[in-house]
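Protein chains get the first letters and strands the later ones, always in sequence-line order, with residue 1 at the start of each.
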2 protein chains.
Amino acid sequence: MSQVNDHLKIKSVKRETLSNQVIDQIIELLLSGQLKPGDKLPSEMELIDMFMVSRPVLREAISSLETIGIVRRKTREGTYFTNKIGSKPFKIMLSLSVGDIKAFIETRIAQELGLVTLAAEKISDEDLGRLKDNIEKMEAREGDAIELDKEFHRIIAYSASNPIIEGIIDPLLNMIDQTQETIPPEDRDKAYTIEQHKEIYAALEIRDPIESYLCMYRHLDHARKRILARHEAKNSFDLDQK
Amino acid sequence: MSQVNDHLKIKSVKRETLSNQVIDQIIELLLSGQLKPGDKLPSEMELIDMFMVSRPVLREAISSLETIGIVRRKTREGTYFTNKIGSKPFKIMLSLSVGDIKAFIETRIAQELGLVTLAAEKISDEDLGRLKDNIEKMEAREGDAIELDKEFHRIIAYSASNPIIEGIIDPLLNMIDQTQETIPPEDRDKAYTIEQHKEIYAALEIRDPIESYLCMYRHLDHARKRILARHEAKNSFDLDQK
DNA sequence: ATAATTTATTTGTCAGACAAATAAATTCAA
DNA sequence: TTGAATTTATTTGTCTGACAAATAAATTAT
């Protein structure tokens, strides 16, 4: 069905609300290069004159753009295009998937596996240094080091320095942090984690994409199985309780 | 900076517009399970009474929700929650990255590499059949078969049957299709493509995640290098022309 | 020259009205 | 009775105009 629409390139027949048209036009200001990220948009009154629409219509449009993180409004000051590509809409999307823990975990794994492959090609010496530091800190630290573990994965995520991927992985990692669906401390074998981190680091250091992937796969697969097993156990427990 | 906000859990100090509050409350209707995807929202007048805000404020909120694809408005009929998790916001996000072809290609590769690993674990016999059909069609077809090539990758993308990943990969593939930044026909070696597709299929058939990844990596890496080389050549050409 | 105050601009919110679309109810005709 | 045409009522879509709140900029007072 959507195939048909995609193919015919018809702009969704109806649903050409004035506000939607305004949204498109404002985005067009960006795409055409007339305005750049960070630039100030004309004031509401000016935009009203430009687009020849009423204020509610304009405000609905800008309001939409704001919630998807394309512009930022400041009372009295004006409306600005955001300078960084927004991860906001994806974040909202994700928040609607809460509950589907399995999909989350899978997505996270898929992202990290793809990422580490890229990272192996692009990682900077600086980021490699950070990883090394991270591992050393983890070895030195007494007891658990969940925060360091998270940091390790974040460094890799950003080392691919790809804005689109960052927009995906960033809200994803945040969301997972929030849901607390991490590996419980009692299950963690710190020494084993460090060993795997070292393997990943070694593979990244020699810029070997495939070897990096293999190490990361072993690392994540191991963790995932435990998380999912625990999760399913909990679910069946919940069912039993009913 | 954002770290501080994240940590303190303060709702972004200011920017608590009425419409934003309404947005949160409506999303809350979903998260709390009071309403489900596909359900009809109360009419505007009812919502106005519920939230005790004016109509413009309510409409700004709903308008925002509509552009990020959480609700769907139909004149006279009402407003409904969308039943499928939306890929719309991500699509808009992506559209702001047009021009960064390299980031697109990289993202696509990262996604597919992660995906195929998952797919190997989850792919259904039905989808395997589709892949087989696809390969056979490609062998039978005279001349180029770009559409079939695209379909091959799409089947794999959906075979992981993960709604979050679908929301990412779907707009990404569409966007790449649109930008026409595919491998030019003259560069394509159909026989080679088919051979690689067969390898990927074989790996998926035996549900081997790592082998699937390796095949896919070879396949994509080969294509990518040519696309990026061509793209950079074009860029330097453009620069020369200036 | 600095601090306090005022002013003007811009976003934020509200109220009320009418237009447009259409689902549902009603009427009319076969 | 049934089916088609018409009317009605509801709901979204848009407009106008107004005032509130915030604050950058200008002005005034010390």
Side-chain angles (χ1 to χ4, degrees), chain A residues 10-27 29-30 35 37-83 86 88, chain B residues 10-27 29-30 35 37-83 86 88:
Chain A
I10 290 176
K11 286 187 179 177
S12 59
V13 193
K14 301 257 164 174
R15 190 116 314 282
E16 265 309 331
T17 314
L18 275 182
S19 0
N20 286 343
Q21 293 179 35
V22 172
I23 290 176
D24 290 342
Q25 295 222 41
I26 292 180
I27 290 183
L29 287 178
L30 260 189
L35 289 176
D39 282 357
K40 184 175 180 300
L41 274 78
S43 75
E44 289 189 355
M45 289 313 293
E46 291 175 278
L47 289 172
I48 287 172
D49 291 340
M50 284 173 57
F51 298 135
M52 295 190 296
V53 294
S54 70
R55 200 152 163 245
V57 167
L58 180 82
R59 283 188 58 82
E60 276 187 29
I62 295 188
S63 190
S64 296
L65 291 174
E66 192 181 21
T67 62
I68 60 182
I70 291 180
V71 303
R72 200 177 83 251
R73 278 196 282 202
K74 293 187 76 170
T75 313
R76 148 74 216 192
E77 222 180 318
T79 308
Y80 298 82
F81 282 110
T82 48
N83 22 27
K88 210 172 170 183
Chain B
I10 290 176
K11 287 187 179 176
S12 59
V13 192
K14 301 251 167 180
R15 191 116 314 283
E16 265 308 329
T17 314
L18 276 182
S19 359
N20 286 343
Q21 292 179 37
V22 172
I23 289 176
D24 290 341
Q25 295 222 40
I26 292 181
I27 290 183
L29 287 179
L30 261 189
L35 289 176
D39 281 358
K40 185 174 179 299
L41 274 79
S43 74
E44 291 189 352
M45 289 313 294
E46 290 175 276
L47 288 172
I48 287 172
D49 292 340
M50 283 172 58
F51 298 136
M52 295 190 296
V53 294
S54 70
R55 204 158 159 237
V57 166
L58 180 82
R59 283 188 59 82
E60 278 188 28
I62 296 188
S63 190
S64 297
L65 291 173
E66 192 181 20
T67 63
I68 59 181
I70 291 181
V71 303
R72 199 177 86 252
R73 278 195 282 203
K74 293 186 76 170
T75 314
R76 149 73 215 192
E77 222 179 319
T79 308
Y80 298 83
F81 283 110
T82 48
N83 22 27
K88 209 171 170 182

Margin query: Tell me if a side-chain donor or acceptor on A:Ser64 pairs with a main-chain N or O of B:Ser63 at a distance below 3.5 Å.
Written below: yes
Note to self: What is the separation between atom CG on B:Leu18 and atom C1' on D:dC19, rounded to the nearest whole Å?
What the structure shows: 15 Å
Item checked: Where A:Leu35 and A:Leu30 come nearest, the two heavy atoms and their spacing -> O-CD2, 3.4 Å
Item checked: Spacing of B:Glu60 atom CD relative to D:dT14 atom C1', expressed in whole Å -> 14 Å
Next item on the list: Could you check if a side-chain atom of B:Ile26 sits within less than 4.5 angstrom of a side-chain atom of B:Phe51, using non-hydrogen atoms only?
Entry: yes
Notebook entry, point to check: For A:Met50 and A:Pro42, which heavy atoms make the closest approach, and how far apart are they?
Noted result: SD-CG, 4.1 Å
Next item on the list: May I ask you to list the residues of residues 41-58 of chain B, by number, that have any heavy atom positioned under 4.0 Å from an atom of DNA chain D?
Entry: B:Ser43, B:Glu44, B:Arg55
Notebook entry, point to check: Is the side chain of A:Glu46 donor-acceptor paired with the backbone N or O of A:Ser43 at a distance under 3.5 Å, no angle test?
Noted result: yes
Check: Between D:dT11 and B:Thr79, is there an OP1 or OP2 to side-chain N/O distance shorter than 4.0 Å?
Finding: no
Set out, line by line, the N/O atom pairs under 3.5 Å between protein and nucleotides 23-26 of chain C.
| from | atom 1 | to | atom 2 | distance (Å) |
| --- | --- | --- | --- | --- |
| C:dA23 | O4' | B:Arg76 | NE | 3.4 |

Notebook entry, point to check: Is the phosphate of D:dT12, meaning OP1 or OP2, less than 4.0 Å from a side-chain N or O of B:Arg59?
Noted result: no
Next item on the list: Find the distance B:Leu65:CG to D:dT12:C1' and express it as a whole number of Å.
Entry: 16 Å
Notebook entry, point to check: Whole-Å distance between D:dG13 C1' and A:Asn20 CG?
Noted result: 11 Å
Check: Just by distance, do the side chain of A:Thr82 and the backbone of A:Ile70 share a donor-acceptor pair under 3.5 Å?
Finding: yes
Checklist line | Which atom of B:Ala61 lies closest to which atom of B:Ser19, heavy atoms considered | finding: CB-O, 3.6 Å
Checklist line | Pairwise side-chain contact, A:Leu41 with A:Phe81, heavy-atom cut-off 4.5 Å (strictly under) | finding: yes
Next item on the list: Using a cut-off of strictly less than 4.0 Å, decide whether B:Arg73 has a side-chain nitrogen or oxygen near OP1 or OP2 of D:dG13.
Entry: yes
Notebook entry, point to check: OP1, OP2 of D:dG13 versus side-chain N and O of A:Ser19: anything below 4.0 Å?
Noted result: no
Check: How long is the line joining CZ of A:Arg72 and C1' of C:dT11, in whole Å?
Finding: 14 Å
Checklist line | Derivation of the side-chain contact (heavy atoms from CB on, under 4.5 Å) call for A:Arg73 and A:Arg59 | finding: CA-CA 11 Å; A:Arg73 278 196 282 202; A:Arg59 283 188 58 82; 3.4 Å; yes
Note to self: Less than 4.5 Å apart, side chain to side chain, heavy atoms only: is that true for A:Glu44 and A:Leu47?
What the structure shows: no
Next item on the list: Working to the nearest 0.5 Å, report the span between OG1 of A:Thr67 and CG of B:Asp24.
Entry: 10.5 Å
Provide a list of protein-nucleic acid N or O atom pairs under 3.5 angstrom, restricted to nucleotides 3-6 of chain C.
none

